Amino acid sequence: MTHNERFLTDFAAVAADLPGASLDWLCRVRSEAAGLLGERGLPTPKAEAWKYTNLQPVARLSLRPALTAPPRPDPAALGDLRLPCACSRMVFVNGRFAPELSTIGAGVPAVSLADALVREPGALAPWLTQEREADTARALNTAFVTDGAVIRVPAGRQVEPPIHLIYLGTDGETGAARYVRNLIAVEAGADATIFETHVSGGDTPAISSVVTQIVLGAGAALRRFTLQREGAALSHLALTEAELGAESRFENFVVSVGGRLARDEIAVRLAGRGAACVLEGVYLGRGRQHHDTTTRILHAEPAGRSREHYRGVLDGAARAVFQGRVEVAPGALKTDAYQLNENLLLSDDAEIDTKPELLINADDVKCSHGATAGSVDEEALYYLRSRGIGVRDATAMLVGGFVGALIDHWPHAGAAETLRRAAAAWLEPVVALQEAA
Amino acid sequence: MLVIDNLHVSVGGKEILRGLSLTLPAGAVHAVMGPNGSGKSTLAHVLAGREGYTVTAGTARFAGQDLLGLPAEERAHLGIFLGFQYPVEIPGVSTMYFLKAAVNAQRKHRGEPELDAMEFLKVLRREIKGLGMDEAMAQRPLNVGFSGGEKKRNEVLQLALLRPKLAVLDETDSGLDIDALKTVAAGVNALRAPDRAMLIITHYQRLLTYIVPDRVHVLSGGVIVASGGEEIAEVLEREGYAAFATTTLSAA
Amino acid sequence: MTAVTEPLADPGAEARGFAEQAYKYGFVTDIEAEHPPKGINADIVRYISARKGEPEWLLEWRLRAFKVWEERFLPAGDPTWANIRYPGIDYQDAYYYAAPKSGNQPKSLDEVDPELLRTYEKLGIPLGERALLAGVAVDAVFDSVSVATTFKKTLAEKGVIFCSMAEAVREHGELVRRYLGSVVPYTDNFFATLNSAAFSDGTFAYIPPGVRCPMELSTYFRINAANTGQFERTLIIADVGSYVSYLEGCTAPMRDENQLHAAVVELIALDDAEIKYSTVQNWYPGDREGRGGIYNFVTKRGACRGRRSTISWTQVETGSAITWKYPSCILQGEGSVGKFYSVAITNNYQQADTGTKMIHLGPDTRSTIVSKSISAGRGQNTYRGLVRIQPKAARARNYTQCDGLLLGDTCGAHTVPYIEVKNRSARVEHEATTSRISDDQLFYCRQRGLAPEDAVGLIVHGFCREVLQELPMEFAVEAQKLLAVSLEGSVG
């Protein structure tokens with residue numbers, strides 16, 4: 001059986017047990033998505049958007065999500081995943097909402113997708129049927145999605161403290177796939193902060209697919225922090241699509257340390273005048289990890305502003321891909337776009353492929369990008385050593401500074417602290433390796 | 001030489017100049033003083049022909065000719081020079097190359113032969129020396145990386161090279177320390193001539209200590225609210241623009 | 001000669017026979033009378049080879065290329081990854097061996113398009129040369145033969161070989177055989193492979209060890225000698241410790257009716273050698289409505305084989321309806337250096353997708369990329385570049401600066417760099433900006449008396465300065481004038 005045929009048989013095997021199976025429109029959307037997969041398979045490096053990331057190993061993995069409820073972990077297991085600040089918490093275990101682990105503050109407008117499909121399916125239809133699939137990696141999620149967070153912040157509301165979404169994988173040994181779909185609407189003038197943690201264990205390769213759809217109304221603001229700490233064998237495929245209304249502001253911060261293959265794809269459309277977006281992140285890779293950060297920012301309307309800054313550190317035989325596209329549509333005058341991607345290579349086998357891209361179709365704009373790759377600055381290392389600091393500590397200081405400087409100014413003390421700690425934990429063995437070398 | 005009559009100018013739908021009248025005879029040096037937002041820079045740019053300023057009423061005539069319909073370069077050809085408050089940086093274009101292009105564009109317009117590189121260099125050297133500037137500056141890209149003082153000296157250098165009939169100097173003193181101010185003022189004073197009028201636009205009285213005007217106008221709320229001799233500048237120095245505020249109100 | 005114009009029972013066998021015959025009897029002289037049919041097939045390839053009296057190995061090479069083109073590239077179609085749009089090219093609706101254009105050649109300047117002549121005038125090209133460039137029968141106006149002869153003598157004294165590719169194949173067959181296709185293999189890409197099968201003529205240069213070529217070599221000097229047509233092939237070899245500067249395309253616009261140009265240029269630099277290759281490309285860009293114009297699909301690549309060798313590409317691309325070219329450097333030799341300096345202008349409906357590839361293979365290799373694009377009218381301009389640092393390229397360095405300038409709101413400027421780094425001691429830096437000429441800059445210039453178009457010219461020149469100063473002096477002056485001419489009508 002070819003992979004493509006398997007997409008269809010796997011889908012047929014589970015379709016009746018997926019949430020919303022009684023909804024005709026959803027079944028149609030799912031089977032169309034599965035059909036697309038059956039026809040084309042997962043994207044190959046022939047597609048420009050996947051030039052540097054080969055999904056063929058993923059295509060060999062089991063596609064079927066776990067449909068029986070897994071044993072619930074002890075709430076104590078959430079221990080170090082908790083944020084050092086008050087927050088509402090939604091926990092998803094193996095792609096299913098776990099209410100007993102979750103604490104949703106009174107009046108916080110967050111429910112699970114599976115529940116919403118039961119209670120108010122009509123409200124979800126426009127989200128899940130809105131357009132054809134951008135590619136078959138997204139279609140895979142649509143076909144099999146089991147759950148996710150549905151958050152709708154009504155106009156003018158400020159949701160404080162943040163909402164923490166934890167995606168926990170505990171069935172690492174079964175190889176079952178996980179499919180999550182989040183739908184987030186922040187209506188006009190509303191404000192929210194979301195923190196996401198993706199974490200799993202186990203050595204069995206599996207798929208963890210997350211698609212997040214975000215819509216910001218006029219003047220709305222959303223800050224989103226993500227810590228991706230999947231298990232070493234996981235293929236983590238994340239796609240975020242954000243539609244920004246006039247004068248709205250979307251800020252997205254990510255620290256990506258986990259997974260065998262991790263793709264963090266973000267497509268932002270500045271659809272209203274004066275919208276602003278900030279995309280920043282850190283990816284840290286070692287072993288044979290493959291980190292792919294792909295961002296597409298479309299300035300569709302005038303006076304938009306986008307800021308992008310990603311930093312990567314690569315050790316072992318890790319490979320990272322950064323593809324950053326900034327597109328300015330005709331008429332999107334007074335666009336101000338800046339993008340920077342910086343990479344440190346710590347070993348002889350590490351690799352970085354970076355492709356910053358500017359597509360400009362309006363003249364009164366200010367757009368620029370930069371990309372760098374190299375090792376730790378020899379001059380700086382020498383300077384520190386001349387002050388009596390050993391190679392190990394000097395390297396640690398420089399790599400730590402490189403990563404920390406970016407995280408330091410992220411606009412949420414608790415989130416930044418958690419992300420900084422995750423990065424610092426990753427850096428420990430790097431420093432040891434440097435010493436050995 | 002310059003006659004402005006009842007000039008009304010809007011920028012982006014907002015009226016900035018509201019019936020300004022001013023007469024500047026040949027050879028005269030007048031100062032226009034005013035607080036921030038009074039319309040000083042608008043006046044300068046309207047005279048020089050910058051786009052984006054809508055004249056809704058009134059006239060401005062230069063040597064008998066209506067100025068307001070002319071593009072910027074033609075006004076330059078007539079002999080109008082604007083010393084910019086913020087001289088513009090043009091990367092990759094050497095200052096010398098730019099100066100030569102400007103001088104020759106104007107010579108060509110007057111029917112004079114264009115200067116070749118050697119002739120121009122001679123003239124340039126003379127003026128640079130006169131202003132106590134560093135000749136190396138001419139090789140640097142136009143205004144790029146220049147200090148505030150260097151930029152303003154460069155403006156005066158251009159004034160000297162282009163020898164206009166009317167020089168409008170917009171906040172030429174801003175951003176200058178006292179030594180630079182003296183040099184710039186000396187440069188301007190050396191160019192005072194019976195056939196050259198000057199309009200000195202400034203916020204502070206300071207510059208007028210070094211470039212003594214024949215007449216001072218106070219601009220407020222888009223109109224001239226007071227005109228007189230040096231004594232006006234002294235009143236301003238003592239009492240600030242508040243001294244003229246009531247007049248402003250009645251004029252508005 | 002009649003053999004090829006008549007229907008053939010077994011065209012292959014006939015043509016092979018013809019090839020041998022032509023080889024035996026040397027150079028074909030009566031080229032005016034013959035026109036092979038339109039289109040490309042193995043027989044046409046044999047015909048071309050035979051007409052040029054080529055040896056068997058070269059015919060075989062051409063035929064292998066054609067087979068690859070026909071079997072691999074043609075079914076897949078034209079490459080589609082570039083940011084260019086054009087109606088499909090019918091490769092069977094073109095002549096692959098065009099006889100010199102004597103038939104429809106203008107007899108005098110009076111018959112030449114006055115607009116073309118005005119352009120020459122603006123560029124300051126002497127009257128005699130204007131006629132030459134406009135395609136007026138050359139002998140009548142300009143004795144370039146004697147110029148070329150004097151020139152050749154000087155070079156010969158130094159041992160420099162500089163001649164047409166056809167002559168090189170005849171006179172220096174071993175050198176050609178050793179290097180032809182060694183940088184751009186006949187399997188390389190759609191257009192290069194087509195060129196390998198069908199190339200008409202081109203330029204060959206060889207600089208012996210230790211020789212600094214006493215003058216800048218230029219196609220200018222052999223305009224009369226070789227009417228190179230649409231599939232030009234250039235091969236330049238700089239032997240150990242030598243230096244050569246090569247100027248391509250003249251500084252002047254060349255008239256050409258051909259729609260498709262698919263040239264291949266190969267450069268080889270051995271130890272301590274340096275090749276400086278400068279191009280000013282001003283082929284017909286089409287009219288203001290986007291009708292006509294050249295499709296320029298060029299493969300240019302240089303191999304820095306030797307230690308401390310240098311190859312630098314400088315290009316000013318103002319012409320063609322479509323420009324598709326990526327002059328590249330393979331930095332193989334330890335400490336070798338690659339440079340790419342480019343100005344590309346697109347006005348009206350022109351499209352350019354151009355850039356470079358810097359492939360760092362050896363340790364201590366360095367590359368610099370400076371790309372300036374100017375888009376006006378409805379022009380689309382894409383910088384596309386690859387910087388690849390392979391694992392053995394320890395301490396490799398790359399610096400890339402790409403700037404786009406937009407004149408007007410109906411054009412586009414795009415930057416698509418690919419950066420692949422597989423060595424940790426490498427350092428790669430890429431920066432790009434896109435902006436327009438600011439109103440402040442324009443007003444400042446106009447206040448000093450410059451007309452708007454002169455102000456734009458001045459600012460654009462400043463924008464391109466880093467690239468223009470890489471050109472040989474006399475080239476730079478004309479290139480600057482060319483920028484102004486190319487941007488005419490783009491300023492309100």
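All values derive from a computational prediction rather than experimental measurement.
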Main-chain N/O of C:R424 paired with A:S375 side-chain donor or acceptor, under 3.5 Å: yes

Inter-residue atom distance A:K51.NZ - C:E420.CD, 0.5 Å rounding: 6.0 Å

Chain C heavy atoms under 4.5 Å from A:A350: which part of the residue, side chain, backbone, both or neither? backbone

Contacting moiety of C:N423, where chain A heavy atoms sit under 4.5 Å: backbone

Chain A heavy atoms under 4.5 Å from C:Q380: which part of the residue, side chain, backbone, both or neither? side chain

Would you say A:P356 and C:H430 make side-chain contact, with heavy atoms under 4.5 Å? yes

From the list C:L406, C:V421, C:T433, the residue making the most non-hydrogen contacts under 4.5 Å with chain A is C:V421

State the OG-CG distance between C:S438 and A:D364, to the nearest 0.5 angstrom. 10.0 Å

Looking only at heavy atoms, the pair that brings C:R427 and A:D377 closest together is NH2-CA, 3.9 Å

Against chain A, work out which of C:K422, C:R388, C:R397 has the most heavy-atom pairs shorter than 4.5 Å and name it. C:K422

Contact origin within C:S435 toward chain A - heavy atom pairs under 4.5 Å: both

Using non-hydrogen atoms and a 4.5 Å limit, figure out which bit of A:Y52 sits close to chain C: side chain, backbone, both or neither. side chain

Could you check A:V326, A:L359, A:L358 and say which one makes a side-chain contact (heavy atoms from CB on, under 4.5 Å) with C:T415? A:L358

Report which part of C:A426 has an atom under 4.5 Å of a heavy atom belonging to chain A: side chain, backbone, both, or neither. backbone

Counting only heavy atoms not in A:R40, do more than 12 sit closer than 6.0 Å to its CZ atom? no

Pairwise distance CG(A:L333) to CG(C:D409) - rounded to 0.5 angstrom: 6.5 Å

Check the surroundings of atom CZ in A:R319: do more than 12 heavy atoms from other residues, nucleotides or ligands lie under 6.0 Å from it? yes

Pick whichever of A:N361, A:V365, A:T372, A:T354 has the most heavy-atom pairs under 4.5 Å with chain C. A:T354

In this structure, are over 12 heavy atoms from other groups packed under 6.0 Å from C:Q390 atom CD? yes

So, the part of A:A362 with a heavy atom under 4.5 Å from chain C: the answer is backbone

Per-residue tally against chain C (heavy atom, under 4.5 Å) across A:L345, A:D363, A:V321 peaks at A:D363

For the candidates C:D403, C:V416, C:I419, which exhibits the highest count of non-hydrogen atom pairs separated by less than 4.5 Å from chain A? C:I419

Please state whether the side chain, the backbone, both or neither of C:P391 comes within less than 4.5 Å of a heavy atom of chain A. neither

If one checks every heavy atom of A:E342 against chain C at 4.5 Å, the contacting part turns out to be neither

In terms of heavy-atom pairs under 4.5 Å with chain C, which of A:K355, A:E357, A:H369, A:E351 leads? A:H369

